[in-house]
Amino acid sequence: MTENPGSATKSPDLSDLEAFAKERIAAERYPDDLHTCRVATCESCGVTSFELTVEQDEGSKPGRFKGVIWAQCSGCASRQRFLSFTAYPERGKTIKVEHPTCQCGATTFFVLECERIEVWDGTPSFFDEGVVAGKCAHCGAFHAFALTD
């Protein structure tokens with residue numbers, strides 16, 4: 001792990017986080033489908049550890065997240081939308097706001113989104129499900145912040 005001048009953590013090897021995320025969506029049960037992962041990175045400074053705000057919209061249920069996940073960079077404090085999974089065409093009313101905290105008390109995470117895209121006749125066809133997962137930047141514990149379907 002390298003440090004940035006603002007003492008914000010650059011991305012370590014996140015292969016273990018990717019494996020955790022794929023396990024959460026049971027990727028091994030769908031070997032012919034496409035499983036893609038996208039690591040959160042600050043658009044301004046490139047730092048990859050974030051504090052999250054999870055806004056659940058009406059219609060959100062366990063395993064079927066609806067809402068927005070905001071990521072605030074631990075380096076420059078810029079805020080960006082990491083995931084927006086809402087009812088089209090308009091966003092529903094926010095019913096719950098969470099600021100995830102690890103059991104160690106830390107609030108900063110390395111974050112990624114992993115999705116399964118069903119493949120039909122050799123062609124990636126449509127989104128099936130996904131997860132936004134994180135790894136605590138302090139203790140390394142894994143967390144699933146939202147499951148999408």
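The chain is numbered in sequence order, starting from 1.
Between the Asp128 side chain and the Ile117 main chain, no donor and acceptor come within less than 3.5 Å of each other. A donor-acceptor pair is defined here as one N or O able to donate and one able to accept, closer than 3.5 Å; such a pair exists between the side chain of Gln80 and the backbone of Thr41.
Summarising the geometry of Pro100 relative to Phe145, their closest heavy-atom pair is CB-CE2, 3.5 Å, with the distance given to 0.1 Å. The two atoms that bring Cys37 and Lys22 nearest to each other are SG-CE, 4.1 Å, heavy atoms only. Closest approach of Ile25 and Gly130 over heavy atoms only: CG2-C, 3.8 Å. Scanning both residues, Ala21 and Leu112, for their nearest heavy atoms gives CB-CD1, 3.7 Å. Heavy-atom minimum distance, Cys136 versus Cys139: SG-N, 3.4 Å. Gly75 and Val47 make their closest contact through N-CG1, 4.1 Å (heavy atoms, listed as atom of the first residue, atom of the second, distance).
Within 6.0 Å of CD on Glu118 lie more than 12 heavy atoms contributed by other residues, nucleotides or ligands.
In this structure, Phe110 CZ and Asp16 CG are separated by 10.5 Å, a value rounded to the nearest 0.5 Å. Remark: Ser60 OG to Glu55 CD distance equals 11.5 Å, nearest 0.5 Å. Here CZ of Arg38 is found 11.5 Å from SG of Cys114. Values are rounded to the nearest 0.5 Å. Taking CZ of Arg79 as the start and CG of Leu52 as the end, the distance is 10.5 Å to the nearest 0.5 Å. The distance from atom OG1 of Thr36 to atom CD of Glu18, rounded to the nearest 0.5 Å, is 9.5 Å.
For residues 16-51, the pairs satisfying ring-ring contact (aromatic ring centres under 6.0 Å, His included) are Phe20-Phe142, with sequence neighbours left out. Counting only residues at least two apart or in different chains, side chain to side chain donor-acceptor pair (under 3.5 Å) contacts with residues 138-149 comprise Arg64-Asp149.
With sequence neighbours excluded, no residue forms a ring pair (Phe, Tyr, Trp, His ring centres under 6.0 Å) with Phe82.
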Could you please spell out the steps behind the side-chain contact (heavy atoms from CB on, under 4.5 Å) verdict for Ser78 and Cys45? CA-CA 9 Å; Ser78 68; Cys45 72; over 6 Å; no
Walk me through whether Trp70 and Gln72 qualify under side-chain hydrogen bond (donor to acceptor under 3.5 Å, both in side chains). CA-CA 7 Å; Trp70 298 94; Gln72 183 169 345; over 6 Å; no
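Cluster annotation: Val97 is not connected to Val54 through the hydrophobic network of ILVMFWY side chains, with a link wherever side-chain heavy atoms come within less than 4.5 Å. Taken together through direct or relayed side-chain contacts under 4.5 Å among Ile, Leu, Val, Met, Phe, Trp and Tyr, Ile69 and Phe109 form part of one hydrophobic cluster. In the hydrophobic clustering of this structure, Val111 groups with Phe65; members are Ile, Leu, Val, Met, Phe, Trp, Tyr whose side-chain heavy atoms approach within less than 4.5 Å, directly or through other members.
The shortest distance between side-chain heavy atoms of Leu147 and Arg24 falls below 4.5 Å. Residues Leu34 and Val119 meet the side-chain proximity criterion, which asks for heavy atoms closer than 4.5 Å.
One finds no salt bridge joining Glu58 and Lys93 here, because no Lys/Arg side-chain nitrogen approaches an Asp/Glu carboxylate oxygen to under 4.0 Å.
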